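Here the structure comes first, spelled out in structure tokens, and everything after it is commentary.
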Amino acid sequence: MSLSESPTIEVKDLKTYFFTKGGIARAVDGVSFSVGRGKVLGLVGESGSGKTVTGFSILGLVDEPGRIVGGEILYRGENLVSASPDRMRELRGVNISMIFQDPMMTLNPVLRIDTQMIEALQAHESISKDDARQRARDVLGQVGIASPDERLRSYPHQFSGGMRQRVAIAIALLNKPDLIVADEPTTALDVTIQGQILYEVQKLCSQTGTALIWITHDLSVVAGLADDICVMYAGRIVEQGSVNSVLDKPMHPYTDGLISSVPSRNKRGVPLAQIPGMAPSLLKLPKGCSFGPRCAHFSNACDSIPDISNYENGRQIRCHNPLGAGTTLRVTD
Amino acid sequence: MSVFIIRRLMQSALVVVIMSFIVFSGVFLVGDPVEILVSDDADQEEREMMIKSMGLDKPFLVQYGIFISKAIRGDLGDSFVFQEPALLLILDRMPATMELAVVALLIAIVFGIPLGVWAGLKPESLASKSIMTGSILGFSLPTFWVGIMMILLFAVVLGWLPSTGRGDVQIILGMPISVFSWDGFSHVLMPAVNLALFKLSMVIRLARAGTREVMHQDYIKFARAKGLKEQRIILVHVLKNILIPVVTVLGLEFGGLVAFSVVTETVFAWPGMGKLLIDSIGLLDRPIIVAYLMIIVFLFVLINLLVDICYSILDPRVRLQDIKS
Amino acid sequence: MTTAENNMESEEKGYEGVQTPLRRFLSDFCEAKLAVVGFFTILAIALVAIMAPFIAPTDPYDLATVSVLDSRLAPGEAMMNGTTAHLGTDGAGRDMVSAMIYGLRISLGVGIGSGLIAMLIGISFGLLSAYAGGKIDSIFMRIVDIQLSFPAILVALVLLVTLGKGVDKTIIALVVVQWAYYARTIRGTALVERRREYIESAVCLGLSKNRIMFRHLLPNCLAPMIVVGTMQIAHAISLEATLSFLGLGMPQTEPSLGRLISNGFEYILSGKYWISVYPGIALLVTIVSINLVGDRLRDVLNPRLQK
Ligand SMILES: Nc1ncnc2c1ncn2[C@@H]1O[C@H](COP(=O)(O)OP(=O)(O)OP(=O)(O)O)[C@@H](O)[C@H]1O
Ligand code: SF4
Ligand SMILES: [Mg+2]
């Protein structure tokens, strides 16, 4: 990971809160990371940990009653948190695009696919309908949709979930963005297609230098695809670092739990480990470390919220009692 | 698709037959038309002749049978009062009513959809709340009273608009139409607005509810993520989605508009079939009442059919189902 | 620190959450000031209608005191018997204030009466339909569908043409027009509720069908009934006025608000506005108030809209 080149996106201490009737939900609470050109960041964490909200924050699409209340999002040095709505609109779809979590809901049911693709092109450049259609056709082919001409004239309901997600991915790729936020884009796809899409996306990133934030539950996808990984828990990043070092030697008890709960060949016959308990409600976070009630390494120190500590190889951990701390050097600065 | 249409047609025919029976038996019980038609000094013989000539001496079911067999041939009986075919009398008045209803419908759509969408986009704003309170008013105001107040204000006090009648008509496509001349338009305006008020409130509510629902959908957010302008999102993505329920309901309500024009036509002395109906009720002119109701039944069934077809054009999901079935 | 604060906050919320459903309903309802105003207006109007004989300056039905010589007096002029007609007199020489109070009584009576009867009939048929299911259900619902596809005004019109004029006949016509709305609403709600667990558990406990229907289903169908009921009563009042205006419904001797407006219509062109305007305003205030309350009730009682 080279720090010399300025990253495509740099998120610094981002805070996005939802001001609900029941109280304030700190969905994203002090998240920092950066992704360089052509790099892939895997963002993992349980349901409700704030992954999607992080993605929406970057695109400036946080819905009421949510608001970005602090931090910076630097896209090539430009702070998006303070950017005007018009500027954000210019950037969205061209420079930064997003693939949504639920493919069944992302396409407008009453508009044809070609309408929805062509408008994405025409919103940003003056391009003729025919040229735009041609581009749409090419990209559809790229994501593995057979007979794209015919498909362009279809409505979303004529597609399966997997096909819809591919259309959504194609729309995200249309304008060759610098940054793609992909929110569990392959969860709805079957394994072969998943591999194909992963391959395509990876190729695109390395060829065009697109930075990618890949949100997922699936550690094995991250292992094969990402350069860096951020593990989120209850709105905070609890561990981050390069994929290899984090997956090989997890230091946060939560990451460790996640990894041991993944089924794999060499663990056959051994009962799968599970993280006990349930993810906490953001409205009622436990005192101190939010992972505390579920943590096997809980100590008295954990009654206060742990800070981020830096370790060698650029790893960061938010824990009072990190695992294997003796073997990894803590970096103080 | 054609199977679907044929099945729908058969259903419709059944409804028409059932309704014809209900209408006929209902109206059969109305007063004694002979009392009205025969002059006071007529003797018994004259009365009986009258009764015979109108077929009123036969048993009820026979009368209904005769009515149906004639109705199929387009003969709904002669008006007791005008001595002319009731159907023709009504068809003669129909264009006026239709014009009124269509203009009212247009007013409801042209003003209702933008207001409703606007209220739906900013549900907490003062403007939105005023629009919604206004729409409650529109629901609550009894049409006839608003009509009277409009006459009082615009015709009596201000003297801007004529209070009664239809004004100049031009023959367009064989039908007399008022709206295309200034005089005619000035006559249509008040009754049409009057008739539209209720539906206007309804369109506003439908459009607002639809907008609020659609705005929360993921595909709107995705459209934003594509970097579309807000204008396009609202005019294309939102509007096309809310048009489906609005068009359905409005289509179905067109019949209601025609029916409710009975009131507006009475207030503004608009020479349509609704006014003819009310006049005929006063005169106990049974064939006209029956003919009017049959035409309305027919109209309703027709509208239901058309709405289904329009719906399938607007909503691709429905179209596919039809093709399958 | 922040977490501790957060905990405190949620505990406070917890205490607020203990409020009873009724209190919560009331506080939700009162959030909309217009609806509260509407509610108290209805109360006032109902009081006036009930107390009509004691409040009204004259008895508009008493032919002995009504004099044609008093007809069409402008507001504020004195009548033959010395009382001032604050809102003028109508074509028959009735004091408008009195006529309106009595008219309000009739309008409200017919509207609420027909609404309640229709509700009773609708609930019975709707519950029966939902509970019986099968053929009975589909026949009932077919009838309801056909009835509802025709505009209320026409159905009522035909009925009144057949039946003639009078309070009872008007009520019958309005009941026929309305019952189907109740039946459909309650059937829909009952079908949803029936599938819920507690009905099943009630069946398991061996409770009798009647008991299940009235003890368990009915309370849960109450909310939609209240909402439909308020809206329908407003609708019935408006419909009665319209029918009376068309010359059907209430007879000349017992003028409802609609009939009063209708009577004044012939004098409108000569500028004698008060005969139509004031009863209209009374009618309007009544209906708007009911609708404001109904609208708010729908928002508050609709579980889908609750966050
Ligand atoms: N519109 C909203 N209103 C209130 N709270 C919200 C809203 N959207 C998100 N949140 C809060 O933000 C938290 C994080 O949500 P988010 O969708 O980012 O989770 P996620 O990590 O993407 O989970 P998943 O894996 O299930 O997609 C949720 O637990 C919720 O409390
Ligand atoms: S801070 Fe304590 S409770 Fe939290 S993860 Fe680390 S050891 Fe577990
Ligand atoms: Mg998510």
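Bear in mind the structure is a predicted one, so any value in this text is a computation, not a measurement. We name chains A, B, ... by the order of the sequence lines, and we start the count at 1 in each one. Values below: all heavy atoms of this structure, side chains included; hydrogens, waters and symmetry mates excluded.
Residues B/F300 and C/P151 form a side-chain contact, since some pair of their non-hydrogen atoms from C-beta on lies under 4.5 Å apart. Side-chain contact check for C/T242 versus B/W145: every heavy-atom pair is 4.5 Å or farther apart. Using a 4.5 Å heavy-atom cutoff, the side chains of C/L246 and B/I281 are not in contact. At least one side-chain heavy atom of C/L154 sits less than 4.5 Å from a side-chain heavy atom of B/Y292.
Note: B/L141 leads B/V15, B/T133, B/L141 in heavy-atom pairs under 4.5 Å with chain C. Chosen from C/G258, C/A241, C/A152, C/S238, the residue pairing most often with chain B at heavy-atom distances under 4.5 Å is C/A241. Options C/L292, C/N291, C/L159 differ in how many heavy-atom pairs under 4.5 Å they form with chain B, and the most are formed by C/N291.
Only the side chain of C/L248 comes within less than 4.5 Å of a heavy atom in chain B; its backbone stays farther off. Heavy atoms of B/V297 lying under 4.5 Å from chain C belong to its backbone as well as its side chain. Neither the backbone nor the side chain of C/A234 comes within contact range of chain B; no heavy atom of the residue lies under 4.5 Å from a heavy atom of that chain. Both the backbone and the side chain of B/V267 come within contact range of chain C, judged by heavy atoms closer than 4.5 Å. If you measure heavy-atom distances from B/I18 to chain C, you find no contacts under 4.5 Å at all. Only the side chain of B/M19 comes within less than 4.5 Å of a heavy atom in chain C; its backbone stays farther off.
More than 12 heavy atoms of other shown residues, nucleotides or ligands fall within 6.0 angstrom of atom OH in B/Y64. Around atom CZ of C/F140, more than 12 heavy atoms belonging to other residues, nucleotides or ligands sit under 6.0 Å away. Shown here is C/L43, whose CG atom has more than 12 heavy atoms of other residues, nucleotides or ligands within 6.0 Å.
Contacts between residues 279-290 of chain C and chain B, counted as heavy-atom pairs separated by less than 4.5 Å, involve C/G280, C/I281, C/L283, C/L284, C/I287, C/V288.
The side-chain contact (heavy atoms from CB on, under 4.5 Å) with C/I153 is formed by just one residue from the set B/V262, B/T143, B/V263; it is B/V263.
Separation of atoms OG (B/S140) and CE (C/M231) is listed at 8.5 Å; rounding is to 0.5 Å.
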Worked check of side chain to side chain contact (heavy atoms under 4.5 Å, CB included) between B/I148 and C/F245: CA-CA 11 Å; B/I148 295 174; C/F245 169 76; 3.9 Å; yes
